[in-house]
Amino acid sequence: MLDPKLLRNEPDRVRQALNNRGESTEALDEFLELDKRRRELLVEVEQLKARRNTVSQEVAKMKKAGENADAIILEMREVGDKIKELDEELRTVEERTHHLLLCLPNMPHETVPQGLTEDENVEIERWGEPRHFDFEPKPHWEIASDLGIIDFEAAAKITGARFAFYKGAGARLERALISFMLDIHTTEHGYTEVLPPFIVNRASMTGTGNLPKFEEDAFKLVDTDYFLAPTAEVPVTNYYRDEILTAEQLPVYFVAYTPCFRSEAGSAGRDTRGLIRQHQFNKVEMVKFTTPEKSYEEWAKLVSNAETILQRLHLPYRKLDMCFGDLGFGAAKKNDIEVWLPEANTYREISSCSNFEDFQARRANIRFRPEAGAKPEFVHTINGSGLAIGRTVAAILENYQQADGSVTIPDALVPYMGGLTKISK
RNA sequence: GGAGAGAUGUCUGAGUGGUCGAAAGAGCUCGCCUCGAAAGCGAGUGGGCCUUUGCGGGUCCCGUGGGUUCGAAUCCCACUCUCUCCUCCA
């Protein structure tokens with residue numbers, strides 16, 4: 001959510017930002033108009049309330065003194081009706097302005113590259129050499145099926161398309177990666193491990209920006225106001241919703257493993273095979289709460305924390321600076337990390353690291369007190385995958401595949417695989 | 001699922017129609033005292049919104065949302081959450 005004062009005082013800056021993102025400015029215009037009306041109503045109704053309050057005091061005094069107060073009581077009855085009427089109108093105006101605020105995307109950071117499509121993201125860095133294959137590399141779903149470690153047909157029967165059923169070394173590999181990543185982030189990067197609920201309520205989804213605009217992307221539980229969490233970002237960020245932290249508590253580093261559930265509405269036909277785009281996938285997510293002063297420093301550290309995982313696994317990747325159009329709804333700044341997939345002969349997103357500045361904090365009302373007695377300010381929130389597990393499995397299978405169909409286990413992962421160094425038939 | 005109890009400020013906790021944004025204590029901040037600290041003493045100590053150049057002023061908030069009333073933390077209704085007992089259950 002943007003600061004209403006920013007919209008009021010610098011509408012042109014906001015308009016420019018929306019244009020850069022390729023977004024309509026309708027919501028902004030409607031907001032500005034209604035916001036004016038809102039303040040007019042507020043002044044009017046508050047004056048009436050002030051009058052009612054003082055007169056009510058007088059009623060109390062008169063009654064105590066045994067005087068008759070019927071006349072002014074009658075008059076106040078009318079004032080009360082008028083207040084009710086104005087309050088009603090105020091409520092509808094406020095509901096609408098609040099909704100409009102919730103629908104406006106974040107202001108991009110000044111360093112965000114120009115551009116509306118993914119081709120205009122700026123490649124910052126490449127790490128690792130894609131391996132040269134002296135045989136035709138297979139896609140990970142073939143490798144996995146041939147090895148009998150993932151059964152996509154079974155998942156389709158049990159549930160439907162875009163689900164996976166892991167078996168044997170495949171299931172073990174998934175679990176190993178979760179533990180491996182959590183261990184690195186907790187013991188080397190200073191994160192506190194948390195295990196949140198996988199189901200969240202509407203307020204939490206709104207707090208992170210997944211609602212109200214993107215309800216069709218989420219799985220909603222029937223007859224409830226609960227959603228399957230699309231990412232650990234939702235439950236973990238909302239841990240501090242409606243709270244005021246002390247400056248000493250910051251920065252907070254949380255890392256969480258959760259499954260993630262996404263309806264993938266609008267993705268029909270894309271990445272239909274394999275692990276790349278599933279309705280349910282596992283992810284290790286890093287979430288930080290910081291002061292505004294430190295947020296970009298902390299964000300840069302978080303990006304490198306994600307990179308560390310790929311480096312330890314010796315998986316080649318590249319880092320992208322996301323342009324206006326690919327920033328997503330809530331981010332002020334975003335870097336994606338893409339892992340090399342040999343069969344597709346391309347890099348695919350495996351982590352997305354965003355600085356939301358105070359956008360989520362404002363929605364979720366997460367504040368801190370810079371010092372004792374000072375006014376509370378909004379924290380900055382930062383998060384990023386560290387990493388998406390399913391896509392990491394895909395990358396390992398493809399990058400570590402052998403001519404005979406077996407897959408070697410990255411050295412760093414061997415202890416987590418109970419000493420297993422190779423998956424073969 | 002059944003029965004009951006409860007939800008008040010940073011915390012504990014009082015308050016059952018008006019003088020209550022809210023007693024008291026704790027905590028915290030500042031000052032006095034002290035070589036320094038503790039103790040003691042004194043003062044201060046919530047948030048949102050609107051308004052104001054500023055000082056300030058106004059309004060709303062006692063779990064949430066409605067209602068009654070000239071006036072609600074206090075009365076009524078619904079909901080949410082917490083706790084206890086029973087039932088069920090991994």
Side-chain angles (χ1 to χ4, degrees), chain A residues 1-9 31-102 195-207 211 220-221 223-227 235 238-250 252 259 289 358 360-379:
Chain A
M1 191 159 86
L2 298 175
D3 186 353
K5 291 193 187 77
L6 176 72
L7 304 193
R8 226 174 269 155
N9 301 333
F31 173 86
L32 291 172
E33 203 171 303
L34 279 178
D35 180 58
K36 222 176 109 199
R37 177 69 189 140
R38 173 180 160 265
R39 281 177 296 163
E40 286 168 5
L41 282 169
L42 209 51
V43 170
E44 193 179 349
V45 76
E46 286 191 357
Q47 278 171 358
L48 288 178
K49 282 179 178 174
R51 173 124 181 281
R52 179 177 68 184
N53 286 342
T54 53
V55 171
S56 287
Q57 303 283 345
E58 282 168 33
V59 171
K61 273 186 207 141
M62 289 170 80
K63 290 211 163 169
K64 216 169 234 172
E67 296 170 34
N68 185 300
D70 291 355
I72 53 174
I73 285 177
L74 216 62
E75 191 196 334
M76 281 308 106
R77 208 170 275 171
E78 275 174 42
V79 171
D81 288 345
K82 182 71 181 165
I83 287 172
K84 209 174 201 175
E85 197 180 294
L86 290 174
D87 263 341
E88 187 82 9
E89 187 181 351
L90 189 60
R91 213 191 66 223
T92 50
V93 169
E94 279 185 336
E95 266 171 20
R96 183 64 187 162
T97 50
H98 189 237
H99 177 79
L100 290 167
L101 277 178
L102 290 177
L195 185 61
F198 303 157
I199 295 175
V200 295
N201 60 28
R202 181 171 289 276
S204 293
M205 289 285 278
T206 306
L211 289 179
K220 185 162 190 281
L221 302 185
D223 298 331
T224 72
D225 223 13
Y226 290 165
F227 298 82
N238 278 279
Y239 183 72
Y240 288 123
R241 174 151 50 83
D242 292 323
E243 296 205 17
I244 302 176
L245 309 179
T246 63
E248 297 78 62
Q249 284 177 271
L250 298 175
V252 174
F289 304 82
D358 66 2
Q360 291 182 325
R362 208 175 275 282
R363 291 173 156 256
N365 195 27
I366 306 170
R367 294 174 292 176
F368 76 105
R369 218 179 281 279
E371 50 191 277
K375 271 214 161 280
E377 289 176 33
F378 290 109
V379 302

Within a strict 4.5 Å, meaning less than it, do heavy atoms of the [X] and [Y] side chains meet?
| X | Y | result |
| --- | --- | --- |
| Phe198(A) | Pro259(A) | yes |
| Tyr240(A) | Val252(A) | yes |
| Leu100(A) | Arg96(A) | yes |

Tell me which one of Asn365(A), Leu245(A), Ile366(A), Ile244(A) satisfies side-chain contact (heavy atoms from CB on, under 4.5 Å) with Pro376(A).
Ile244(A)
Taking all non-hydrogen atoms of both residues into account, name the closest pair between [X] and [Y] and its distance.
| X | Y | value |
| --- | --- | --- |
| Phe368(A) | Phe378(A) | CE2-O, 3.6 Å |
| Pro370(A) | Ala247(A) | O-CB, 3.2 Å |
| Pro4(A) | Leu101(A) | CG-CD1, 4.0 Å |
| Val59(A) | Ala69(A) | CG1-CB, 4.3 Å |
| Thr97(A) | Asp35(A) | CG2-N, 4.1 Å |

Just the rounded figure in Å: distance from [atom2] of [N] to [atom1] of [X].
| X | N | atom1 | atom2 | answer |
| --- | --- | --- | --- | --- |
| Ile83(A) | A72(B) | CD1 | C1' | 15 Å |
| Lys36(A) | U51(B) | NZ | P | 13 Å |
| Arg38(A) | U51(B) | CZ | C1' | 12 Å |
| Arg202(A) | C79(B) | CZ | C1' | 16 Å |
| Arg91(A) | C50(B) | CZ | P | 19 Å |
| Asp35(A) | C50(B) | CG | C1' | 11 Å |
| Arg369(A) | G46(B) | CZ | P | 9 Å |
| Ile366(A) | G47(B) | CD1 | C1' | 16 Å |

So for atom CD, which belongs to Glu78(A), do other residues, nucleotides or ligands contribute more than 12 heavy atoms lying within a distance under 6.0 Å?
no
I'd like to know if the side chain of [X] and the backbone of [Y] have a donor-acceptor N/O pair within less than 3.5 Å.
| X | Y | result |
| --- | --- | --- |
| Gln249(A) | Thr246(A) | yes |
| Arg52(A) | Met76(A) | no |
| Asn9(A) | Lys5(A) | yes |

Just to be sure I understand the geometry, which residues of residues 242-250 of chain A put a non-hydrogen atom under 4.0 Å away from RNA chain B?
none
Please list residues of residues 68-80 of chain A whose heavy atoms come under 4.0 Å from any atom in RNA chain B, ordered by number; otherwise none.
Ile73(A), Met76(A), Arg77(A)
Would you call [X]-[Y] a salt bridge at under 4.0 Å N-O?
| X | Y | answer |
| --- | --- | --- |
| Glu85(A) | Lys82(A) | yes |
| Glu40(A) | Lys36(A) | no |
| Asp87(A) | Lys84(A) | no |

Say we look at [N] and [M]: how far apart would their [atom1] atoms be, to the nearest angstrom?
| N | M | atom1 | value |
| --- | --- | --- | --- |
| A24(B) | G36(B) | P | 32 Å |
| G21(B) | A14(B) | C1' | 15 Å |
| G4(B) | C77(B) | P | 14 Å |
| A23(B) | U16(B) | P | 15 Å |
| U12(B) | U69(B) | P | 36 Å |
| G71(B) | U19(B) | C1' | 13 Å |
| U52(B) | C62(B) | C1' | 30 Å |
| G13(B) | C49(B) | C1' | 30 Å |

Please check the phosphate of G48(B) (OP1 and OP2 only) for any side-chain N or O of Arg367(A) closer than 4.0 Å.
yes
Give a yes/no answer on whether the side chain of Lys61(A) brings an N or O atom under 4.0 Å of OP1 or OP2 in C70(B).
no
With sugar-phosphate meaning primed atoms plus P, OP1 and OP2, does Arg362(A) contact a base, only sugar-phosphate, or nothing at under 4.0 Å between heavy atoms?
nothing
Tell me what Val59(A) touches on the nucleic acid: a base, only sugar-phosphate, or nothing, going by heavy atoms under 4.0 Å.
base
Heavy atoms from C-beta onward define the side chain here; which of G18(B), G48(B), U68(B) lies closest to that of Lys375(A)?
G48(B)
From the options U68(B), G71(B), U51(B), select the nucleotide whose nearest atom is closest to the side chain of Ser56(A).
G71(B)
Given RNA chain B, 5'-ward residue of the pair Pro376(A) and Lys84(A), judged by closest heavy atom:
Pro376(A)
Can you tabulate the close N/O pairs, meaning under 3.5 Å, that link protein atoms to atoms of nucleotides 58-61 of chain B?
| unit_1 | atom_1 | unit_2 | atom_2 | d |
| --- | --- | --- | --- | --- |
| G58(B) | N2 | Glu46(A) | OE1 | 2.9 |
| G58(B) | N2 | Glu46(A) | OE2 | 3.3 |
| G58(B) | N3 | Glu46(A) | OE1 | 3.4 |
| U59(B) | OP1 | Asn53(A) | ND2 | 3.1 |
| C60(B) | OP2 | Asn53(A) | ND2 | 3.4 |

Arg77(A): salt bridge (charged side-chain N to carboxylate O under 4.0 Å, His left out) partners, not counting sequence neighbours
none
Pairwise N/O distances under 3.5 Å, protein to nucleotides 52-56 of chain B:
none

Name the stems that RNA chain B belongs to, where each is three or more consecutive Watson-Crick or G-U pairs with both distances under 3.5 Å?
B:1-7 with B:80-86, B:10-12 with B:24-26, B:27-32 with B:40-45, B:46-51 with B:56-61, B:63-67 with B:75-79
Ignoring hydrogens and angles, state whether a donor on the side chain of Asn201(A) or Ser204(A) is under 3.5 Å from an acceptor on the partner side chain.
yes
